[in-house]
**Q** 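One structure, pasted below without further comment.
Positions are given from 1 along the sequence. Remember, it's a predicted structure, so these values are computed and weren't measured experimentally.
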Amino acid sequence: MQTSKLFILLPEEWVATPDGMTIDKDGNLILSCPNFANLDIPSCVLKITPDKKITKWFDVPVNPATGEARTMGLEFGPDGDLYIVDNAGWTGREDLIRTGRILRIHFNEKGEYESFRVVAAGMEHPNGLRIRGNYIYVTQSTLELVKTESGKLMSCVYCFHLDDENIHCTNTLADENILCTFITENPLCQYGVDGIIFDREGRLIVGNFGDGSVWRLYLNQKGDKILDKELWCCDPEHLKTTDGMTIDPYGNIYVADFSANAIGKISPDGKITRIAQSPDCTGWEGGLDEPGEPCFWNGKLVISCFDCVVDDQKVNTAHEIPATMAELEIEP
């Protein structure tokens, strides 16, 4: 296995919890910071240049009904607008339950924040986000209002059009924008779909976090309906949980194994290999400190270290500041 290296220490005044990433048209790394570990710090989006200069791009616009916002997954649309997940409900605060939103952020000609629109609202636990064609795909990690026969947790993937506005989600099977649903079987980790990425053939790859399973979804040509889904791969020895995902030019998919402080690599034939793992650590020396999402950037894997959740299923035992990002070399 590889040993991860320190990519960067993040500014304490802006970041307590880093999470989702994407790349802008100029090749900068864009980082979402929900800051769940310190809710006194506003949720923000940072810009990191190839020479590792960090700037705060903008604070996430708060929900006027709650005064809160906590960004997670994010990706640019074809017109340059940035679509982001706001999952303030992750905090567990009772007044923030089912206040999640998908936001469309618009910038002026100078690339500065200008305005936002609400694509969807009322979501229980939106998490990862990807865009393909005219559609946005969002993992929602819990659907607690839906009671299953087994009593196990249901979660889902939502599909919205890029130009949708003010879609109200009920977080029930009545929602027309639900693309498909999943059940998490693992009784020790009842947390549903999370990581999401498209493979080279245009199939939607989704990870069921608690089961450590990776699913392959086949969509219609338009992209708004599912034709079929299959359990693509699952190997608990090499991949315990499936947080954020990225893909390299060779078609390999990399998955943040959040609970195990590890990174899993899935080859195009579905074989899972654990390529790096850290013990409980601060991340300051380059360790994987509860990895939340990898991103293929400039020939390497850059990994955000969420470092916030502590329970008997996690290697992580404490939150530390400053927050960190790690990196790994890519091998075909």
**Q** Less than 3.5 Å apart, which donor and acceptor atoms pair up between the side chains of residues 115-123 and the rest of the protein, not counting sequence neighbours?
**A**
{"from": "R117", "atom 1": "NH1", "to": "E165", "atom 2": "OE2", "distance (Å)": "3.1"}

**Q** Does I178 share a hydrophobic cluster with I131, counting links as ILVMFWY side-chain heavy atoms below 4.5 Å and allowing steps through other members?
**A**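 The answer is yes; both residues are in one hydrophobic cluster.
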
**Q** Are F198 and Y137 an aromatic pair, judged by ring center distance below 6.0 Å?
**A** yes

**Q** So, N171 versus Q140: side-chain donor-acceptor pair below 3.5 Å or not?
**A**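 Yes, Q140 and N171 have a side-chain donor paired with an acceptor closer than 3.5 Å.
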
**Q** For the pair T242 (side chain) and G212 (backbone), establish whether a donor and an acceptor sit closer than 3.5 Å, ignoring hydrogens and angles.
**A**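 Here the side-chain-to-backbone pair does not exist.
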
**Q** Please say yes or no: joined through hydrophobic side-chain contacts below 4.5 Å, possibly via intermediate residues, are M325 and L328 part of one cluster?
**A** no

**Q** If you round to the nearest 0.5 Å, how far is NZ of K314 from SG of C189?
**A**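 If we round to the nearest 0.5 Å, C189:SG and K314:NZ are 5.0 Å apart.
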
**Q** Distance from M154 atom CE to T181 atom OG1, nearest 0.5 Å?
**A** 4.5 Å

**Q** Can we say D51 and K53 salt-bridge, meaning some charged N sits less than 4.0 Å from an Asp/Glu carboxylate O?
**A**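 No, no charged N to carboxylate O under 4.0 Å.
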
**Q** Between D86 and T71, do the side chains contain an N or O donor and an N or O acceptor separated by less than 3.5 Å?
**A** no

**Q** First locate atom SG of C159, then atom CG of D224, and finally report the distance between them rounded to the nearest 0.5 Å.
**A**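 Rounded to the nearest 0.5 Å, the SG-CG separation comes to 6.0 Å.
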
**Q** Is a donor on one side and an acceptor on the other found under 3.5 Å between the side chain of R104 and the backbone of L162?
**A**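 Yes, the answer is positive, given that a donor and an acceptor are paired below the 3.5 Å cut-off.
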
**Q** How far does OG1 of T99 sit from CG of N87, to the nearest 0.5 angstrom?
**A** 8.0 Å

**Q** Between the side chains of H161 and N134, does any donor sit under 3.5 Å from an acceptor?
**A**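 There is no such pair between these side chains.
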
**Q** Do Q190 side-chain atoms and G210 backbone N/O form a donor-acceptor pair below 3.5 Å?
**A** no

**Q** I'd like to know whether the aromatic ring centres of W57 and Y113 sit less than 6.0 Å apart in this structure.
**A**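 Ring-ring flag for W57/Y113: false, centres at least 6.0 Å apart.
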
**Q** Answer yes or no: is there a donor N or O on one side and an acceptor on the other, between the side chain of N177 and the main chain of C169, under 3.5 Å?
**A**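 Such a contact is absent between N177 side chain and C169 backbone.
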
**Q** Hey, is K5 close enough to E327 for a salt bridge, meaning N to O under 4.0 Å?
**A** no

**Q** For I84, run the side-chain contact (heavy atoms from CB on, under 4.5 Å) check against V60, I102, L129 and tell me which one passes.
**A**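 So, applying the side-chain contact (heavy atoms from CB on, under 4.5 Å) to I84 and each of V60, I102, L129, only V60 qualifies.
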
**Q** For residues Q313 and K240, report the shortest heavy-atom separation together with the two atoms involved.
**A** O-NZ, 3.0 Å

**Q** May I ask you to say whether R203 pairs ionically with E201, meaning some side-chain N is under 4.0 Å from a carboxylate O?
**A** yes

**Q** Less than 6.0 angstrom from the centroid, inside 45 degrees of the normal: does K229 satisfy that with respect to the ring of F182?
**A** yes

**Q** Please confirm whether the backbone N or O of G264 pairs with a side-chain atom of D257, one donor and one acceptor, at under 3.5 Å?
**A** no

**Q** For the ring pair F258 and F306, is the centre-to-centre distance below 6.0 Å?
**A**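 Yes.
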
**Q** How about N127 and S141: does a side-chain donor come under 3.5 Å of a side-chain acceptor?
**A** yes

**Q** Give a yes-or-no answer on whether the side chains of E293 and S304 include a donor-acceptor pair shorter than 3.5 Å.
**A** no

**Q** For K152, does its backbone N or O pair with a side-chain atom of K147 as donor and acceptor, under 3.5 Å?
**A**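 Between the backbone of K152 and the side chain of K147 there is no qualifying donor-acceptor contact (under 3.5 Å).
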
**Q** Tell me if the aromatic rings of H125 and Y191 count as close, with their centers under 6.0 Å from one another.
**A**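 Under 6.0 Å, so yes.
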
**Q** How many angstroms lie between atom CD1 of I253 and atom CD1 of I205, to the nearest 0.5 angstrom?
**A** 4.5 Å

**Q** Can you tell me how far apart CE (M1) and NZ (K265) are? Round to the nearest 0.5 Å.
**A** 14.0 Å

**Q** Has the side chain of T184 got a donor or acceptor atom that lies under 3.5 Å from a matching backbone atom of N186?
**A**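 Judged by distance alone, no pair lies under 3.5 Å.
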
**Q** Closer than 3.5 angstrom, by distance alone: can the side chain of Q277 be matched with the main-chain N or O of A260 as a donor-acceptor pair?
**A** yes

**Q** Please confirm whether the backbone N or O of L39 pairs with a side-chain atom of N35, one donor and one acceptor, at under 3.5 Å?
**A** no

**Q** Table please: side-chain donor-acceptor pairs of residues 17-24 below 3.5 Å, with sequence neighbours left out.
**A**
{"from": "T17", "atom 1": "OG1", "to": "F36", "atom 2": "N", "distance (Å)": "3.1"}
{"from": "T17", "atom 1": "OG1", "to": "A37", "atom 2": "N", "distance (Å)": "2.9"}
{"from": "D24", "atom 1": "OD1", "to": "D26", "atom 2": "N", "distance (Å)": "2.9"}
{"from": "D24", "atom 1": "OD1", "to": "G27", "atom 2": "N", "distance (Å)": "3.0"}
{"from": "D24", "atom 1": "OD1", "to": "N28", "atom 2": "N", "distance (Å)": "2.8"}
{"from": "D24", "atom 1": "OD2", "to": "N28", "atom 2": "ND2", "distance (Å)": "3.1"}

**Q** Judged by modelled atom types alone, do Y218 and E230 share a side-chain donor-acceptor pair under 3.5 Å?
**A**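 Yes, E230 and Y218 have a side-chain donor paired with an acceptor closer than 3.5 Å.
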
**Q** State whether a side-chain donor-acceptor pair under 3.5 Å links T139 with D194.
**A** no

**Q** For the side chain of N316 and the backbone of E290, is there at least one donor-acceptor N/O pair under 3.5 Å apart?
**A**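 No, N316 side chain to E290 backbone: no donor-acceptor pair under 3.5 Å.
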
**Q** According to a hydrophobic-cluster definition based on side-chain heavy atoms being under 4.5 Å apart (Ile, Leu, Val, Met, Phe, Trp, Tyr only), do L103 and I167 belong together?
**A** no

**Q** Under 4.0 Å between a Lys/Arg side-chain N and an Asp/Glu carboxylate O for D235 and K271?
**A**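 Between K271 and D235 there is no salt bridge, as every charged N stays at least 4.0 Å from the carboxylate O atoms.
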
